[in-house]
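Step one of this worksheet: look at the structure below.
In this text, all values refer to a predicted model and were calculated from it rather than measured experimentally.
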Amino acid sequence: QVQLVESGGGLVQAGGSLRLSCAASGRAFSTYHTGWFRQAPGKEREFVGYISWSGGTTSYADSVKGRFTISRDNAKNTMYLQMNSLKPEDTAVYYCAAKSSGWLSATSLRYDYWGQGTQVTVSS
């Protein structure tokens with residue numbers, strides 16, 4: 001069992017930056033692949049990016065590639081999402097998720113544990 005708590009959301013102007021954190025507690029965070037997803041009002045939850053348990057592999061949605069960076073510090077049981085050059089269309093609730101085994105995945109159904117989410121609002 002892993003508990004996840006996101007933090008770092010807020011209101012930022014277009015072109016600005018935010019860094020989200022996902023703090024984990026419970027079993028062996030370092031053995032889980034983890035990812036970020038987001039959900040805007042009236043839209044389905046969508047993949048943002050993932051990182052492997054070791055931090056050695058990352059992948060991003062085309063919409064955020066080159067602007068967002070995922071990292072993790074297993075010693076601190078924390079994953080991060082650095083968001084630069086933010087756009088109004090990045091406005092959403094951002095969720096972190098953990099996947100206990102198997103392949104890396106961009107599909108939300110493959111993830112076993114979820115945080116409560118943190119709101120990111122980008123004003124134009």
Side-chain angles (χ1 to χ4, degrees):
Q1 189 85 9
V2 173
Q3 293 80 41
L4 304 172
V5 178
E6 303 93 338
S7 62
L11 174 65
V12 64
Q13 288 189 331
S17 298
L18 280 175
R19 189 176 82 153
L20 305 184
S21 298
C22 173
S25 59
R27 294 183 57 189
F29 173 73
S30 62
T31 66
Y32 289 79
H33 299 319
T34 51
W36 288 97
F37 292 79
R38 67 186 183 185
Q39 188 166 18
K43 296 188 176 181
E44 293 188 353
R45 191 169 297 188
E46 66 173 0
F47 170 73
V48 174
Y50 63 58
I51 187 167
S52 61
W53 65 268
S54 67
T57 300
T58 56
S59 181
Y60 300 91
D62 287 343
S63 58
V64 306
K65 201 172 294 183
R67 300 187 298 123
F68 290 11
T69 303
I70 297 174
S71 61
R72 64 190 294 164
D73 184 341
N74 286 339
K76 295 182 178 179
N77 282 358
T78 303
M79 176 179 63
Y80 304 97
L81 178 65
Q82 178 66 45
M83 304 186 293
N84 299 327
S85 302
L86 282 161
K87 305 175 181 180
E89 51 263 44
D90 294 319
T91 295
V93 177
Y94 283 71
Y95 299 90
C96 65
K99 184 176 183 293
S100 59
S101 63
W103 301 101
L104 290 159
S105 177
T107 303
S108 61
L109 292 176
R110 300 293 186 187
Y111 286 77
D112 304 297
Y113 305 102
W114 291 84
Q116 298 283 69
T118 186
Q119 176 71 47
V120 171
T121 303
V122 184
S123 63
S124 56

Mind checking the [atom1]-[atom2] spacing from [X] to [Y]? Nearest 0.5 Å is all I need.
X      : Y     : atom1 : atom2 : result
Gln39  : Glu44 : CD    : CD    : 8.0 Å
Gln82  : Arg19 : CD    : CZ    : 7.0 Å
Ser100 : Tyr32 : OG    : OH    : 5.5 Å
Ile51  : Cys96 : CD1   : SG    : 12.5 Å

(request) Taking the side chain as every heavy atom from C-beta outward, state whether Tyr80 and Asp73 have any pair of such atoms under 4.5 Å apart. (result) yes

Do you know the tightest heavy-atom contact between [X] and [Y]?
X     : Y     : value
Ala24 : Leu4  : CB-CD2, 3.7 Å
Pro88 : Ala14 : CD-CB, 4.1 Å
Leu18 : Gly8  : CD2-O, 3.8 Å
Ser85 : Ser17 : N-OG, 4.4 Å
Trp53 : Asn74 : O-ND2, 3.0 Å
Ser21 : Thr78 : CB-CG2, 4.2 Å

(request) Show your reasoning for whether side chain to side chain contact (heavy atoms under 4.5 Å, CB included) applies to Gln119 and Leu11. (result) CA-CA 8 Å; Gln119 176 71 47; Leu11 174 65; over 6 Å; no

(request) Examine Arg72 relative to Phe29 and say whether NZ or CZ is less than 6.0 Å from the centre of the six-membered ring and inside a 45° cone about the ring axis. (result) yes

(message) Once you measure the plane-to-plane angle for Phe37 and Trp114, does it fall in the parallel (<30°), tilted (30-60°) or perpendicular (>60°) bin?
(response) tilted

(request) Verify the neighbour count for atom CZ of Arg67: are there more than 12 heavy atoms of other residues, nucleotides or ligands below 6.0 Å? (result) yes

In one Ile/Leu/Val/Met/Phe/Trp/Tyr side-chain cluster, 4.5 Å: [X], [Y]:
X      : Y     : value
Val12  : Tyr94 : yes
Val122 : Val64 : yes
Leu81  : Val2  : no
Leu20  : Tyr60 : yes
Val120 : Met79 : yes

(request) Measure from the side-chain N and O atoms of Thr107 to the backbone N and O of Leu109, and report whether any donor-acceptor pair falls under 3.5 Å. (result) no

(message) Under a 3.5 Å distance rule, please check whether Glu6 uses its side chain to pair with a backbone N or O of Gln116 as donor and acceptor.
(response) yes

(message) The test is side chain to side chain contact (heavy atoms under 4.5 Å, CB included); show your working for His33 and Tyr50 and say whether it passes.
(response) CA-CA 7 Å; His33 299 319; Tyr50 63 58; over 6 Å; no

(message) Assess the residue pair Met83 and Asp90 against the criterion (side chain to side chain contact (heavy atoms under 4.5 Å, CB included)); give the C-alpha distance rounded to whole Å, side-chain angles, the decisive distance to 0.1 Å, and a yes or no.
(response) CA-CA 9 Å; Met83 304 186 293; Asp90 294 319; over 6 Å; no

(message) Taking the basic N atoms (NZ, or NE/NH1/NH2) and the acidic carboxylate oxygens, is any pair closer than 4.0 Å for Asp62 and Lys65?
(response) yes

(request) Please report the C-alpha distance between Tyr111 and Tyr95 in whole Å, then the side-chain angles of each, then the deciding distance to 0.1 Å, and finally whether the side chain to side chain contact (heavy atoms under 4.5 Å, CB included) criterion is met. (result) CA-CA 11 Å; Tyr111 286 77; Tyr95 299 90; over 6 Å; no

